[in-house]
Amino acid sequence: MSKRNETRYNEAQDAMRDGADDEQIRRDYGFSPTVIKALRAGLTDRGPEW
């Protein structure tokens, strides 16, 4: 995975944590429903990144 994609995924997950719905994520990031579902499934508090 490229660093750019990883950053977009992280930004989308941050938006999800802030309450963005699937339609907003699709509009803002262009992700398909399948990708959005996978991002939501992987949404966990990883704690601080060292």
Side-chain angles (χ1 to χ4, degrees):
M1 176 182 339
S2 74
K3 186 67 173 174
R4 179 174 179 259
N5 283 342
E6 184 177 350
T7 299
R8 288 183 67 224
Y9 294 148
N10 288 340
E11 288 173 356
Q13 285 186 322
D14 287 343
M16 288 174 184
R17 285 185 191 99
D18 291 340
D21 63 5
D22 291 358
E23 181 62 23
Q24 183 177 353
I25 298 299
R26 187 192 62 75
R27 274 194 322 267
D28 293 350
Y29 298 96
F31 294 148
S32 71
T34 305
V35 172
I36 293 170
K37 184 176 179 180
L39 288 174
R40 283 209 184 274
L43 196 61
T44 59
D45 185 9
R46 296 179 296 181
E49 293 185 18
W50 301 97

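Index from 1, following the sequence.
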What donor-acceptor contacts under 3.5 angstrom involve side-chain atoms of residues 32-40, with partners at least two apart or in another chain?
unit_1	atom_1	unit_2	atom_2	d
Ser32	OG	Val35	N	3.3
Arg40	NE	Asp22	OD1	2.7
Arg40	NH2	Ala20	O	2.8
Arg40	NH2	Asp22	OD1	3.1

Quick one: list whatever passes side-chain contact (heavy atoms from CB on, under 4.5 Å) with Asn5, sequence neighbours left out.
-> Met1, Ser2, Arg8, Tyr9
Kindly write out the residues that satisfy salt bridge (charged side-chain N to carboxylate O under 4.0 Å, His left out) with Asp21, not counting sequence neighbours, or none if the list is empty.
-> none
